[in-house]
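Below, each value reflects all heavy atoms present in this structure, side chains not excepted, and no hydrogens, waters or symmetry copies.
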Amino acid sequence: MSDARRGMSITALIIAGESVFLLPFVMARVFRPTLLEVFDLNNLELGTAFSVYGVVAMAAYFFGGPLADRFPARILLAVALVSTAAGGLVMMTVPSLSTLVVLYAYWGITTIALFWAPLIRATRQWGGEDEQGRAFGLLDGGRGLLAALMGSMMVLLFAGLLPADSETASLAERTEALRRIILVLSAVTCAAALLVLLALPHNDPAQDGERRKLSLQGVARVAAMPSVWLQAAIILCAYVGFKAIDDFSLYANQVVGLDQVDAAKAGVVSLWVRPFAAIGAGLLADRIGASTMTASSFAVLAGGSLVLASGLIGAGMLWMFLLTMVCCSMGIFALRGLYFAIMREGKIPMAYTGTAVGLVSVIGYTPDVFMGPLMGYLLDQSPGAAGHQHVFWVVTGFALLGLIASLCFARVIRKTD
């Protein structure tokens with residue numbers, strides 16, 4: 001494949017990889033206070049919708065893995081993107097909680113069963129034998145850059161749709177502004193589907209040679225590898241930290257004292273850390289080892305989340321909050337660029353990449369099930385600073401567990417060399 005074609009392929013994977021999650025998660029991350037107000041939800045109710053998504057995703061990960069080893073990535077990715085965009089039309093109606101829960105269950109199928117394993121397999125194939133850190137660093141860093149750009153654009157558009165003093169905006173004005181944001185995100189997601197069809201190679205490497213039948217053979221093979229289970233633990237602990245970034249804008253609003261627009265801007269700062277952390281960690285991983293970088297990233301995350309949990313940050317302490325948030329974000333997004341790059345060190349066969357991704361994801365992404373309700377419960381039961389501190393005590397604990405799992409992973413792969 002020529003350099004230009006390779007560049008087009010990884011660009012398409014990056015854009016698709018973030019676009020599919022704009023509607024379910026990025027919008028809520030940036031506009032959480034406004035979303036709660038417009039949809040008339042509390043934190044626990046929104047967390048419940050996220051949890052239903054996570055429950056559906058658990059089954060979707062398992063069945064989506066073998067599908068990725070069987071069918072072309074470009075077709076699966078395009079269908080997933082169009083299906084996800086269609087859900088945005090439902091969200092624009094500002095549905096009831098029950099309908100919103102069903103919508104998130106639907107998104108659990110479109111974004112996971114049809115999308116996640118094909119994305120990871122295509123990225124691993126792009127990286128080859130020697131550039132796994134670069135491949136996954138570019139994927140998550142590029143996704144982060146797109147999320148930051150989209151987040152910044154969404155905030156500017158949102159602010160432009162409201163009166164000059166956003167605090168004087170009525171509920172109807174906030175609702176209409178949010179509906180327009182949802183429409184824009186749906187259009188972006190559809191456009192990503194077209195890009196995937198045009199940019200990804202038609203002769204999908206997953207289809208070279210004899211087509212593999214859907215079976216449990218691959219599941220049994222990868223399940224027998226200790227490195228797979230440790231990778232699943234690493235992803236789980238890292239993903240707890242990633243889910244907690246949903247709290248950054250609300251923390252800025254309720255603890256630091258920023259208004260809703262400025263709180264959204266603070267949340268976007270975290271998104272801008274992602275491309276630098278993920279790409280930097282990926283490039284370093286190709287030099288010093290992905291498992292070593294993974295352990296270091298967990299240590300950074302544990303330090304930053306400990307400060308947020310300690311209660312040292314209070315009203316008006318904007319710069320201390322921003323610096324601590326950046327520290328946490330560096331650890332979180334470095335891990336996102338690394339936790340699939342360690343598959344090569346774990347000696348997972350390329351032919352069973354999709355199956356392995358499905359298996360580790362069933363365990364690794366369980367925070368989609370429990371973190372939303374847990375965060376909602378902690379925030380609602382302890383209003384104000386105390387609730388946010390409790391959330392980041394949870395993050396600190398999982399970061400330390402992730403550090404232990406990373407060290408165990410490094411020890412296991414040394415024994416198998």
Side-chain angles (χ1 to χ4, degrees), residues 29 32 43 47 144 233-258 263 266-274 276-278 280-281 284 291-339 364 366-367 370-410:
R29 191 167 299 135
R32 189 180 181 104
N43 287 293
I234 288 168
I235 294 174
L236 187 154
C237 294
Y239 203 62
V240 166
F242 179 68
K243 296 299 290 185
I245 69 174
D246 288 351
D247 188 46
F248 283 154
S249 63
L250 198 61
Y251 194 115
N253 178 243
Q254 296 184 349
V255 179
V256 183
L258 304 184
V268 170
V269 170
S270 171
L271 301 182
W272 279 104
V273 175
R274 184 175 176 182
F276 302 102
L284 282 172
S291 56
T292 300
M293 276 302 302
T294 299
S296 302
S297 300
F298 271 121
V300 171
L301 173 58
S305 57
L306 181 61
V307 173
L308 291 174
S310 66
L312 293 174
I313 298 174
M317 301 177 67
L318 175 60
W319 286 107
M320 184 173 181
F321 168 70
L322 290 175
L323 289 172
T324 306
M325 182 181 67
V326 167
C327 178
C328 285
S329 300
M330 288 177 62
I332 290 166
F333 293 126
L335 288 165
R336 285 182 60 83
L338 293 168
Y339 55 46
T366 51
F370 68 81
M371 270 303 283
L374 177 59
M375 287 172 60
Y377 175 81
L378 294 173
L379 292 170
D380 289 341
Q381 289 298 307
S382 303
H388 297 282
Q389 290 167 25
H390 295 161
V391 167
F392 283 99
W393 276 120
V394 171
V395 176
T396 302
F398 275 97
L400 294 174
L401 290 174
L403 175 59
I404 294 170
S406 301
L407 296 175
C408 291
F409 181 91

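- Between A405 and A233 the shortest heavy-atom distance is CB-CB, 4.2 Å.
- To the nearest 0.5 Å, atoms CE (M293) and CG (L335) are separated by 8.5 Å.
- Side-chain atoms of L250 and D247, non-hydrogen and from C-beta on, do get closer than 4.5 Å to each other.
- Note that the CG atom of L308 and the SG atom of C328 stand 4.5 Å from one another [nearest 0.5 Å].
- For G47 against P373, the heavy-atom pair with the smallest separation is O-CD, 3.3 Å.
- Side-chain contact check for V300 versus C327: some heavy-atom pair is nearer than 4.5 Å.
- Residues satisfying the side chain to side chain donor-acceptor pair (under 3.5 Å) criterion with Q389, sequence neighbours excluded, are absent altogether.
- Nearest heavy-atom pair, S291 versus F409, reported as atom, atom and distance to 0.1 Å: CB-CD2, 3.8 Å.
- Residues R32 and N253 bring no donor and acceptor atom of their side chains to less than 3.5 Å of each other.
- Looking at every heavy atom in both residues, G241 comes nearest to I332 through O-CD1, 3.2 Å.
- Scanning all heavy atoms of the two residues, the minimum distance from G384 to Q254 falls at N-OE1, 4.5 Å.
- One distance of note links OH of Y251 with CG of D246; it measures 16.0 Å at 0.5 Å rounding.
- Relative ring orientation between F321 and F248 is described as perpendicular, the plane-to-plane angle rising above 60° on a 0-90° scale split at 30° and 60°.
- Side chain of S296 to backbone of T292: a donor-acceptor contact under 3.5 angstrom is found.
- Under the side chain to side chain contact (heavy atoms under 4.5 Å, CB included) criterion, L318 pairs with V256, L258, L322, not counting sequence neighbours.
- Side chain to side chain, S406 and T294 fail the donor-acceptor criterion of an N or O pair below 3.5 Å.
- To the nearest 0.5 Å, atom CG of residue L312 and atom CG of residue L306 are 8.5 Å apart.
- The environment of CZ in F370 is crowded: more than 12 heavy-atom neighbours from other residues, nucleotides or ligands sit within 6.0 Å.
- I313 approaches V307 most closely through the heavy-atom pair CD1-CG1, 4.3 Å.
- In this structure the side chain of M375 never reaches within 4.5 angstrom of the side chain of N43, judged on heavy atoms.
- Atom CG in L378 sits 11.5 Å away from atom CZ in F392 (nearest 0.5 Å).
- Looking at S305, its side chain does come within 3.5 Å of a backbone N or O of A302 through a donor-acceptor pair.
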TODO: For L236 and F398, run side chain to side chain contact (heavy atoms under 4.5 Å, CB included): C-alpha distance rounded to whole Å, both residues' side-chain angles, the deciding distance at 0.1 Å, then the answer.
DONE: CA-CA 8 Å; L236 187 154; F398 275 97; 3.5 Å; yes

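- Between Y239 atom OH and M371 atom CE the span is 10.5 Å, to the nearest 0.5 Å.
- A 4.5 Å side-chain heavy-atom check between H390 and Q381 finds every atom pair outside the cut-off.
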TODO: Please step through side chain to side chain contact (heavy atoms under 4.5 Å, CB included) for the pair L338 and S297, ending with a clear verdict.
DONE: CA-CA 9 Å; L338 293 168; S297 300; 3.8 Å; yes

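- For the pair F333 and F276, the minimum side-chain heavy-atom distance is 4.5 Å or more.
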